[in-house]
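Below is one structure, written out as structure tokens, with a few remarks after it.
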Amino acid sequence: MLTTKGLGYWYANPEDYLFKDVNLHFDAGVMTAIVGQSGAGKTTMLSLLAGLDKPRAGTIAFRDEDIAKLGLTNFRRHHVSTIFQAYNLFTYMSARQNLLTAMAITQSAHRGDADYANQMLGKLGLTAAQMRQTVARLSGGQQQRVAIARSMVCDAELVVADEPTGNLDEANTQAVVDLFRQLAQDLGKAVIIVTHEEAVAAQCDAVLRLASRTVSWERQPSR
Amino acid sequence: MVNLLWMDVIHVNFIKRAGLTLVAKKGRTALLVLVTTAIMLFVLAGLLIRNAANTATATAKANVGATLTLSQNRAAAFKTMRSSSQSGSKPTLTQTPVKLSLAKQIARIQHVASYAVTVTTSANASGFDAITTRGTTGGFGGRGPATTSGDITISGVTSTASATAFNQKTASITQGRGLTKADANSHNVVIESELAKQNSLSVGDTIKLKATTGSKATTTLTIVGIYKAKSTSTGMPGESDPANTVYTGYGLANQVKGSKYVNTADNVTFTVSAPSQVAAVKKAAKQLINTSKYSITSDDQNYQLVKSSMATVSGFANKIVWLVAIAGTIILALIVILMIRERRHEIGVLLALGEARWKIIGQFLTELFVVLLVGIGLAAAGGKVVGDQLAQQVVATQTTQSATTGQFGRPGGPSGQGKQLPGGGQQTAKTNQAAKQTKLATHVTVQALALLFALGLGIILVAILIAAAGILRLQPKNVLIE
Ligand SMILES: Nc1ncnc2c1ncn2[C@@H]1O[C@H](COP(=O)(O)OP(=O)(O)OP(=O)(O)O)[C@@H](O)[C@H]1O
Ligand SMILES: [Mg+2]
């Protein structure tokens, strides 16, 4: 579904590149984990895959079409859904309004359907009162679950998540991992999760490791 | 049908978000409303003053030139006097009173509705006292063209109602009746209340006046009315106390003046039925008169004064509108720039979700638009109060300036003085008073609000346009990933 060709990225100068000449393929129905030490470039890689930034070198193709040609805004709106490390919700809106807003922008099939939003928030363990609550008043873990619910109500075929279980307890972590698994297996989406939790990585179909300016498959996706 | 609905949802989404934001961030919304209201209030005040000034000018114009005055061509008379003095003979100012037959001829011109005659002369009080408190008598001569002064000024008129003082409401009858056409040659008189009080005179009593010119005969007059003059003496040397002016029929005034003045007038005022006809009537009248002896003038002095003073007021109001509009645009642009900085995170999230940048700008515009509508509503409520206050200030400053010009700005030099009509200074002072009395009444009209709305919309559009660069440049990754 998503293919990188000769992908390279650096911040200040080309000599200090984070990675270069990366050729990867992410398939539909596969849940991939990206692991690596802090500062290895996991978030940077994810932002490229999510169309939030342009690569310094190489291209990224979504269904054989260069996302630069597709238009990054268009790509983000219709094809990819991102869950950030810092949640990035609309803090002045309720959990439900956050979902409805995202559904409207991405023109999701369920846009305007408040019941659908409630249902998804319920799946992630939020109470009816919490759904109506301004998200700024929710705990970190609750906000993270709202962010996950938001990515799920949008119809994107590609879901990328940066440390989605970073603020969750064991039970909630497992619930979220199960949801991601459902997205990949049942809905046929490509799911890419950055994680530093061994337990999460272990449950993924493939594991990609970023270390010392190299990117390699620790566990290849089974074809 | 279903598709149409979906389209609506998509496009209306940013408007809905704008509403959510305005409600959620009440403090910020209140602040924006406050700033916008202040800007709109001053713009509206400026617009209202400008409108009021234009209305005042239009009103003055509508009231102008309904009259034409026929009098001796004094400028020509003075010229003759000067040239005769150069040739060595004794300088004498030739008095050429207006013949009433000429006035009647002019009155027959189409569109002349009526005419009123004024004859001014003076006489001495006989058996009663003139008011002397302000140094009435002296060697300076009284008002008007009388060459030898008496202590009482006789104003011979067609009717008191047509006399300037009554016309301009600076005098009004308080007892008895005014004079009418029928009183032209009668021995009836209307005197001022102070003169009546000092001499214990009332309606029905008689007074005696001794002529200072002509036969110097004494005439007995019956008081038919008492009037009250609002204007008081300006204290100018040689000016008779206004209370010493008595009104008689013009025929009687001519008798007192002297036999050669029978059937003449100092000046004749013609009332023209429509102001637009004045120029045509004036042209026709000029054909009938000997222009080296007589002059016919339209009285638009008041209009000219109001026009120039209102032009200044209007110009000032325009400056207010533009200054506030420009300052307001800058202030709002700065506020929006700050607001966009403060909301970078929110904008980043929207961009990450794939929202189009123009829709984000649209959301900000919608928010400001709602704020603008509330601001205009509040400004409309308070606009009249601020407008009236400002207008009062502006008019007060303005008329002080024009009064100063009126008194000191006259062409100087002996020849300039010579050309000036006797009592011309007084005339200017009176006209200034009229201008001062021009109250600028501001009215919040639909047109003014429409213009205010257009200006307000322009202001927020420019402000957003300036601030939009921040949205267009923003990269979601930079704000969402620390
Ligand atoms: N905006 C930036 N400008 C310059 N350098 C940056 C910027 N963002 C990240 N970096 C650097 O790039 C490297 C990779 O950062 P990145 O955030 O991708 O790491 P990460 O693998 O996600 O780390 P963590 O596990 O701590 O989240 C780091 O050394 C970081 O200092
Ligand atoms: Mg990271």
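Since this is a predicted model, take the numbers as computed values, not measurements. Each chain gets a letter, A, B and so on, in the order its sequence line appears, and its residues count up from 1.
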As an exercise, state the distance from [atom1] of [X] to [atom2] of [Y], rounded to the nearest 0.5 Å.
X       : Y       : atom1 : atom2 : answer
N98(A)  : L353(B) : CG    : CG    : 9.0 Å
L100(A) : L20(B)  : CG    : CG    : 10.0 Å
N13(B)  : Q107(A) : CG    : CD    : 9.5 Å

Could you walk me through whether D53(A) and Q475(B) pass the side-chain contact (heavy atoms from CB on, under 4.5 Å) check?
CA-CA 8 Å; D53(A) 201 356; Q475(B) 289 303 319; 5.6 Å; no
Tell me whether [X] at atom [atom1] has more than 12 heavy atoms from other residues, nucleotides or ligands lying less than 6.0 Å away.
X       : atom1 : result
F42(B)  : CZ    : no
R137(A) : CZ    : no
E342(B) : CD    : yes
D64(A)  : CG    : no
R344(B) : CZ    : no

Assess whether side-chain contact (heavy atoms from CB on, under 4.5 Å) is satisfied between F90(A) and L350(B), documenting all intermediate values.
CA-CA 9 Å; F90(A) 298 109; L350(B) 288 169; 3.3 Å; yes
Between Y92(A) and chain B, which part of the residue has a heavy atom less than 4.5 Å away: side chain, backbone, both or neither?
both
side-chain contact (heavy atoms from CB on, under 4.5 Å) between T73(A) and L351(B): does it pass, once the steps are laid out?
CA-CA 7 Å; T73(A) 302; L351(B) 288 173; 5.7 Å; no
Who wins among V80(A), L52(A), T106(A), T134(A) for the most heavy-atom pairs under 4.5 Å with chain B?
L52(A)
What I'd like to find out is whether the side chain of K16(B) reaches to under 4.5 Å of the side chain of T101(A), using heavy atoms alone.
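They are not in side-chain contact.
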Check whether any side-chain N or O of R77(A) sits under 3.5 Å from a backbone N or O of E355(B) as a donor-acceptor pair, and report yes or no.
no
In this structure, which one of T91(A), L89(A), N88(A), T82(A) forms a side chain to side chain contact (heavy atoms under 4.5 Å, CB included) with V349(B)?
N88(A)
Given side-chain contact (heavy atoms from CB on, under 4.5 Å), test K359(B) with I105(A) step by step and report yes or no.
CA-CA 10 Å; K359(B) 284 190 188 174; I105(A) 291 174; over 6 Å; no
